[in-house]
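Here's the structure we're looking at; comments come further down.
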Amino acid sequence: MLKSLHIGRYVSKPEDLRSVAGFLEAIGFERVPSESDHSVIFSAPIGLLSINALSREYPREMLNRLQDVNRLIVIEVANPDVVFEIAQKRKLKLLLDKTSPTTGERSFSVELPGEIIVTIHGKPREVPAGFEGALAAKGKRFAIVVARFNSFITERLLQGALDGLRRSGAKPKDVDVVRVPGSFEIPSAARAFADSKRYDAVICLGCLLRGDTAHYDVIVNEVTRGIGQSAQESGVPHAFGVLTCGTLEQAIDRAGLKMGNKGFEAALAAVEMASLKKAVTRRPAAVSKGSRRSATGARPSKRTSRRKRKS
Ligand code: DLZ
């Protein structure tokens, strides 16, 4: 029974092998390890074998080449425009480029070294533009909850967080800092800040070091769950800047040495999420069900408004 399909194509000169392989790799084919130095093997996510009648639309030059169909490779891709750019960057000779007016499918053929012709086809998917929060803290208020346990580390995280907020435009008067005994106490303090509705985001800083007992595992889970729960139930963004390390050395690296400062990173995450939350709540819905404005930002007609008032 059929196990797998291998299609071989031959380049006319051995030295062309490298550039053909380079192009196939650049567009996403995965190289299968091979000991041979006169062939390269690739795997594709889905393989299909197509038997084609030659089209009269093809230019004469291409028809002549296709007399030897052994030199044609047909590849379906998710976005032919991206592959087209790759082919252009590699200065591959374009033989044909057409887009179906009915299906929108683009199909183009390029000549690779070694007299190989590749026909790429696919339908570019429409990707929504999307939006994201900005690193703009000006006018927003932040609460920082810092654990005193392992203060040698957590005070460095705090300095990093304050630096991140300042660099994003936050004013010192808009930042409140509270210290709690250890990481276990962070969630309840964070929740109190979040419930006050006076802050745009809460930044949680602590340092849990694995000891010889099960204490670490119990607390790690509880602190993580508690901070997540506070964020979800209050609707106020919380940034997680609690280090969970095996050794003091690892913690030092993450508090300003080799691995950056996780307090600084947490502050930037808080600023971005606070900004994103504002953007989401202000943005008109794509499909408006009785909302004041439609997706285009237009208000509903007066007739609709009147009808709504009556009911
Ligand atoms: C008790 C304890 C221990 C053993 N280890 C840590 C730690 O590595 N990091 C930390 O932030 N806190 C630790 N704590 C303190 C607990 O978080 C908590 O403050 C106490 O159990 C009191 O509730």
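Both counts, for ligands and for their atoms, begin at 1 and track the order of listing.
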From the list M273, R191, R198, K197, side-chain contact (heavy atoms from CB on, under 4.5 Å) partner of V236 resolves to K197
Using only atom types and a distance under 3.5 Å, with no angle test, would you say the side chain of T247 pairs donor to acceptor with the backbone of Q250?
yes
Could you check if a side-chain atom of V178 sits within less than 4.5 angstrom of a side-chain atom of I144, using non-hydrogen atoms only?
no
Indicate if V218 and F184 have the same hydrophobic cluster label, given that clusters are the connected sets of ILVMFWY residues with side-chain heavy-atom separations under 4.5 angstrom.
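Cluster IDs for V218 and F184 differ.
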For R106, is there an ion pair with D81 - N to carboxylate O distance below 4.0 angstrom?
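Salt bridge between D81 and R106, a charged N being under 4.0 Å from a carboxylate O: yes.
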Atom pairs, nitrogen or oxygen, ligand 1 to protein, under 3.5 angstrom:
| residue | atom | partner | partner atom | Å |
| --- | --- | --- | --- | --- |
| ligand 1 | 8 (O) | L209 | N | 3.0 |
| ligand 1 | 9 (N) | C207 | O | 2.8 |
| ligand 1 | 11 (O) | S183 | N | 2.9 |
| ligand 1 | 11 (O) | S183 | OG | 2.6 |
| ligand 1 | 11 (O) | C207 | O | 3.4 |
| ligand 1 | 17 (O) | S183 | N | 3.3 |
| ligand 1 | 17 (O) | F184 | N | 3.1 |
| ligand 1 | 19 (O) | G182 | N | 3.3 |
| ligand 1 | 19 (O) | E185 | OE1 | 2.6 |
| ligand 1 | 23 (O) | E185 | OE2 | 2.5 |

The criterion is side chain to side chain donor-acceptor pair (under 3.5 Å); which residues satisfy it with E57, sequence neighbours excluded?
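For E57 the side chain to side chain donor-acceptor pair (under 3.5 Å) partners, ignoring immediate neighbours, are K98.
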